[in-house]
Amino acid sequence: RQSIEADAGLSELWKDVFLFHWKEESQHAILDELEWRRANAMLTPAQRDLGVSDLIDLVGAVDGILQVQAAADVDYFLRVCGRTLDGAQARQLRDTMLKAYRWQYIGSGVQDGRFTKILGGMVNDAQMQRIGAALAPLVS
């Protein structure tokens, strides 16, 4: 929704396609939330703490993939763009691409209000601080 809401220049057909796709994906999110809550209810505090560690490791692994993909995509762009970028421009492109990928695949999810509310209700303050500290360099 955030990507198209404010863009008055998008076609109405595209907005309809996106709306119906969003509705279908929302059904998956609702089922995921129910399963998440069910699984959480069965955890001991020690298991939940291990789950927090696993979550942090998973996000770190996703970020590693994003770093490799962003670098590969920038390298490809630099080869085919039709002009030579100086060192500062290439660094800015690399930084921007990685930042965009991090937002798309990590930040847009973990900063969603519903997600943070649900997660915050499942973990204690110390665990939430660990998650926040792990995410801070990726979503700033």
Side-chain angles (χ1 to χ4, degrees):
R1 290 184 326 186
Q2 290 174 335
S3 66
I4 68 167
E5 241 171 30
D7 191 343
L10 287 178
S11 78
E12 291 304 314
L13 177 59
W14 168 246
K15 288 182 180 183
D16 280 350
V17 169
F18 190 82
L19 173 66
F20 286 100
H21 177 70
W22 174 74
K23 286 180 179 183
E24 194 265 336
E25 288 300 322
S26 293
Q27 293 172 357
H28 294 291
I30 291 166
L31 293 174
D32 290 346
E33 179 184 335
L34 292 170
E35 179 60 20
W36 189 19
R37 289 180 186 276
R38 187 194 65 74
N40 178 66
M42 297 186 299
L43 296 178
T44 66
Q47 290 170 322
R48 187 170 295 102
D49 200 53
L50 181 59
V52 167
S53 296
D54 288 347
L55 173 64
I56 291 168
D57 291 345
L58 176 62
V59 172
V62 169
D63 187 59
I65 293 167
L66 298 179
Q67 290 179 43
V68 171
Q69 187 63 54
D73 290 349
V74 169
D75 288 344
Y76 174 77
F77 176 81
L78 292 172
R79 284 193 311 272
V80 301
C81 74
R83 66 183 183 98
T84 302
L85 277 66
D86 65 33
Q89 291 171 320
R91 275 190 303 282
Q92 183 178 8
L93 182 60
R94 290 180 193 287
D95 292 347
T96 301
M97 185 70 77
L98 179 56
K99 185 176 179 180
Y101 282 9
R102 282 176 167 166
W103 169 251
Q104 177 67 31
Y105 294 102
I106 299 172
S108 64
V110 299
Q111 292 179 344
D112 177 76
R114 186 170 179 86
F115 174 82
T116 57
K117 181 180 177 185
I118 295 167
L119 178 62
M122 294 181 177
V123 298
N124 63 37
D125 289 342
Q127 292 166 333
M128 197 63 170
Q129 289 175 359
R130 284 179 52 211
I131 294 167
L135 290 172
L138 308 179
V139 298
S140 61

Applying ring-ring contact (aromatic ring centres under 6.0 Å, His included) to Y105 and not counting sequence neighbours gives none

In this structure, CZ of R94 is separated from CG of D73 (nearest 0.5 Å) by 11.0 Å

Q) Distance-only, no hydrogens or angles: does the T96 side chain make a donor-acceptor pair with backbone N or O of L93 under 3.5 Å? A) no

Review point. Should Q92 and L85 be marked as a side-chain contact (heavy atoms from CB on, under 4.5 Å) after you check the CA-CA gap, both sets of side-chain angles, and the distance that decides it?
Key: CA-CA 10 Å; Q92 183 178 8; L85 277 66; over 6 Å; no

Q.
Atom CH2 of residue position W14 - does it have more than 12 heavy atoms of other residues, nucleotides or ligands inside 6.0 Å?
A. no

The test is side-chain contact (heavy atoms from CB on, under 4.5 Å); show your working for L138 and V110 and say whether it passes.
CA-CA 11 Å; L138 308 179; V110 299; over 6 Å; no

Counting heavy atoms not belonging to E33, are there more than 12 under 6.0 Å from its CD? yes

Value for CE (M128) from CG (L135), rounded to nearest 0.5 Å, stands at 8.5 Å

State yes or no: do L50 and I131 share one hydrophobic cluster built from I, L, V, M, F, W and Y residues joined by side-chain heavy-atom distances below 4.5 Å, directly or via other members? no

Given the ring of F20, does K23 sit roughly above its face, with NZ or CZ under 6.0 Å from the centre of the six-membered ring and within 45° of the axis?
yes

When rounded to the nearest 0.5 Å, the distance separating CZ of R83 from CG of L78 is 10.0 Å

Answer yes if W103 and M97 sit in the same cluster of Ile, Leu, Val, Met, Phe, Trp and Tyr residues linked by side chain heavy atoms under 4.5 Å apart, and no otherwise.
no

Taken to the nearest 0.5 Å, the spacing of R114 CZ from I30 CD1 works out to 7.0 Å

Validation: residues 57-65 side-chain donor-acceptor distances under 3.5 Å, sequence neighbours left out:
{"residue": "D63", "atom": "OD1", "partner": "R102", "partner atom": "NE", "Å": "2.6"}
{"residue": "D63", "atom": "OD1", "partner": "R102", "partner atom": "NH2", "Å": "3.3"}
{"residue": "D63", "atom": "OD2", "partner": "Q67", "partner atom": "NE2", "Å": "2.6"}
{"residue": "D63", "atom": "OD2", "partner": "R102", "partner atom": "NH2", "Å": "2.9"}

**Request:** Flag the pair R91 and D86 as a salt bridge only when some basic side-chain nitrogen lies within less than 4.0 angstrom of an acidic carboxylate oxygen.
**Result:** no

Residue set satisfying side chain to side chain contact (heavy atoms under 4.5 Å, CB included) with N40, at least two apart, ordered chain then number -> L43, R48, M122

Taken to the nearest 0.5 Å, the spacing of W22 CH2 from F18 CZ works out to 9.0 Å

Q) Under 6.0 Å from the CG atom of D125, do we count more than 12 heavy atoms belonging to anything else shown? A) no

Minimal heavy-atom distance between P137 and A134, with the atoms involved, is CD-O, 3.5 Å

d(I118 CD1, D112 CG) to nearest 0.5 Å is 8.5 Å

